[in-house]
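Below: one structure, written as structure tokens.
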Amino acid sequence: GTHPGPVHLNCPFREPLEPAPEPNGFASYLDPVSAWMASDAAHTRWEAPHTSPAARTQTAFLDAIAGAERGILLLGELPRPEMRIAASALAHRLGWPVFADIGSGLRQAGDGAPYLFHYDQLLLSPAFRELCRPDFVLHVGGPFVSKRLAQYLAALRIPCAHIARHPERQDPAHQMNWRLHLDETAFCEWLAPHAPWSRDTAWVEAMESANRAAAGCIEGDSVLTSLNEISAARALSRMAPGGSVLFLGNSMPVRDMDMFAAPRPDPPWAAVSRGASGIDGNIATAAGYARATAGPVTVLLGDLALLHDLNSLALLRGLETPFVVVVLNNDGGGIFHFLPVAEYPEHFERYFGAPHGMRFEHAAELFGLGYTLPGTPADFAAAYEAAFAAGAPVLIEVRSDRAANVALHRELQARIAAAVEQALRA
């Protein structure tokens, strides 16, 4: 349908469950489907809808953006390859700055269009926020990770259009004032030939200059010289084989990858499971990707997410392709340290930090996985390469400190903001 996803089938079986002879014959029950059972065809053929904008919608939309000189193309989650191809073509034709979420599949793959890879971090700069100020936002696809971006757009109160193939609201700040229930691929393919419109090229160039400053600051920062949550995400963004699945757990892993992933021409397929942004079933979902694609999978997730789905490590038995689990173990809920609740220590550790004191080497042994505990970025890179060479499931544990992780993020982000401010002044 228009919003594909998991399907739950209830199959009630009557007793007895053992394979004993039945007292009555039930063969006639299957007569209506006997021809189908003898064939390899589907019982019912369903044609997926391919909804394109109606004529009056086309006219109204083109009129709405005709005067937009400072438009932004925001690409949310785009789970299908054809969506990404169409969105990339539209980005080239529009020439607008592109804010591509990690789940779009285009966050790393800059291919000539003005992708601002580090838009979340750019918004740390007051000068960039003042410069940015678009007059139209076109959001194609699913939700995006960056809360900073959502808050920024909500404060602007400008025309925003959201294109998605389903009617679900993914707009907690209610800034989208035009929602088009359309197939994303069909919409991009329709709109691209009508581009380009008039645009402020000097504005685009200034935005790109700011992005280069942020990228240079991250690439040369001292935070990457030690093994921590930021450097581990950055390393995986570089090392994961092109086209392989990089499954990102919720909480900090998906955010770190969204903020700090390095651009590259052949990125991995960043797979996310946002939904309600929960940490249940992450290993099981990643195991499903491994079986469905029959290719290598890398998983980056937090310690609580792994603990919540520890038994799913049993699903990795028998995999014939590399499967690497990188667990960031900071002994609890590290993301909550970034929130105001961290200022209330009498309640924080018990209810939000939730320390567990566990390590994962014995879990790896229990489920027959290889295990490595690297201590430096070089050790981490070597462990990851060895895991892929082994061709069997491997668990790599990166231990960190929650408070130190917050400090690293804030120090790096302060340096990024300063670099962007300096670039914009120049």
Side-chain angles (χ1 to χ4, degrees), residues 60-78 87 90-91 94-104 106-107 113-164 168-182 184 187-188 191 195-211 213-214 255 258-259 274 338-340 413 416-417 420-421 423-425:
F61 190 83
L62 292 176
D63 288 344
I65 62 175
E69 294 190 350
R70 293 189 169 191
I72 284 178
L73 178 60
L74 171 56
L75 301 180
E77 185 180 347
L78 299 172
L90 177 61
L94 274 176
W96 292 357
V98 183
F99 291 7
D101 180 82
I102 191 67
S104 71
L106 299 170
R107 160 62 180 78
Y115 284 85
L116 303 189
F117 300 109
H118 301 294
Y119 64 88
D120 176 273
Q121 302 299 279
L122 291 173
L123 289 169
L124 293 163
S125 160
F128 181 83
R129 293 197 299 271
E130 185 61 32
L131 167 71
C132 185
R133 292 193 170 275
D135 53 19
F136 194 93
V137 174
L138 174 57
H139 175 187
V140 178
F144 51 90
V145 171
S146 175
K147 183 178 180 180
R148 205 178 337 268
L149 174 60
Q151 292 173 335
Y152 178 73
L153 294 179
L156 291 180
R157 300 298 178 188
I158 59 171
C160 297
H162 183 201
I163 317 301
E168 292 188 2
R169 180 174 290 281
Q170 298 173 340
D171 176 28
H174 305 287
Q175 76 263 31
M176 291 294 164
N177 44 37
W178 197 353
R179 305 186 69 231
L180 287 79
H181 184 183
L182 301 169
E184 296 93 336
F187 175 84
C188 292
L191 184 58
W197 294 273
S198 60
R199 55 179 176 266
D200 187 340
T201 54
W203 177 70
V204 176
E205 290 170 1
M207 300 266 276
E208 291 186 294
S209 175
N211 185 69
R255 287 171 171 81
D258 191 57
M259 291 188 290
R274 297 297 289 161
F338 292 84
L339 303 179
Q413 289 175 336
I416 293 171
V420 172
E421 294 276 326
L424 292 179
R425 283 196 301 269

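When side chains are defined from C-beta on, Val420 counts as touching Phe128, because their heavy atoms get closer than 4.5 Å. Using a 4.5 Å heavy-atom cutoff, the side chains of Met207 and Pro114 are not in contact. Taking 4.5 Å as the limit, some side-chain heavy atom of Leu74 sits within range of a side-chain heavy atom of Leu149. By the 4.5 Å heavy-atom criterion applied to side chains, Leu75 and Val98 are counted as neighbours.
When all heavy atoms of Ala87 and Cys188 are compared, the closest pair comes out as CA-SG, 4.0 Å. The shortest non-hydrogen separation linking Gly141 to Leu78 is CA-CD2, 3.7 Å. Between Val204 and Gly95, the closest heavy-atom pair is CG2-O, 3.9 Å. Taking each heavy atom of Phe136 and Ala68 in turn, the nearest pair found is CB-CB, 3.8 Å. Nearest heavy atoms, Leu122 versus Ala210: CD2-O, 3.3 Å. Across Leu156 and Pro134, no two heavy atoms sit closer than the pair CD1-CD, 3.6 Å.
Taking CG of Leu153 as the start and SG of Cys160 as the end, the distance is 5.5 Å to the nearest 0.5 Å. In this structure, CZ in Phe117 is found 12.5 Å from CZ in Phe99, a value given to the nearest 0.5 Å. Rounded to the nearest 0.5 Å, atoms OH (Tyr115) and CZ (Arg107) are 12.0 Å apart. The distance from atom CD of Gln121 to atom OH of Tyr119, rounded to the nearest 0.5 Å, is 10.5 Å. Atom-to-atom distance recorded for Glu421:CD and Ile416:CD1 is 13.0 Å, nearest 0.5 angstrom. To the nearest 0.5 Å, the span separating CG on Asp120 from CZ on Arg148 amounts to 4.0 Å.
Between Phe144 and His139, the ring planes are perpendicular. Angles over 60° get that label, and only those under 30° would be called parallel.
Looking at Trp96, its side chain never comes within 3.5 Å of a backbone N or O of Arg199 through a donor-acceptor pair.
Tyr152 is linked by a ring pair (Phe, Tyr, Trp, His ring centres under 6.0 Å) to nothing, counting only residues two or more places apart in sequence or in another chain. With sequence neighbours excluded, no residue forms a ring pair (Phe, Tyr, Trp, His ring centres under 6.0 Å) with His118.
Salt-bridge formation is not detected for the pair Arg70/Asp135: no Lys NZ or Arg NE/NH1/NH2 atom is positioned less than 4.0 Å from an Asp or Glu carboxylate oxygen.
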What's the verdict on side-chain contact (heavy atoms from CB on, under 4.5 Å) for Ser146 and Asp258, showing C-alpha distance, side-chain angles and the deciding distance? CA-CA 8 Å; Ser146 175; Asp258 191 57; 4.3 Å; yes

Could you please spell out the steps behind the side-chain contact (heavy atoms from CB on, under 4.5 Å) verdict for His162 and Leu180? CA-CA 6 Å; His162 183 201; Leu180 287 79; over 6 Å; no

Check against side-chain contact (heavy atoms from CB on, under 4.5 Å), Ser104 and Glu77: CA-CA 4 Å; Ser104 71; Glu77 185 180 347; over 6 Å; no

Would you tabulate the side-chain donor-acceptor contacts of residues 60-67 under 3.5 Å, counting partners in other chains and residues two or more places apart, or write 'none'?
none

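Applying side chain to side chain contact (heavy atoms under 4.5 Å, CB included) to Leu191 and the options Val140, Ile163, Leu138 leaves one that passes, Leu138.
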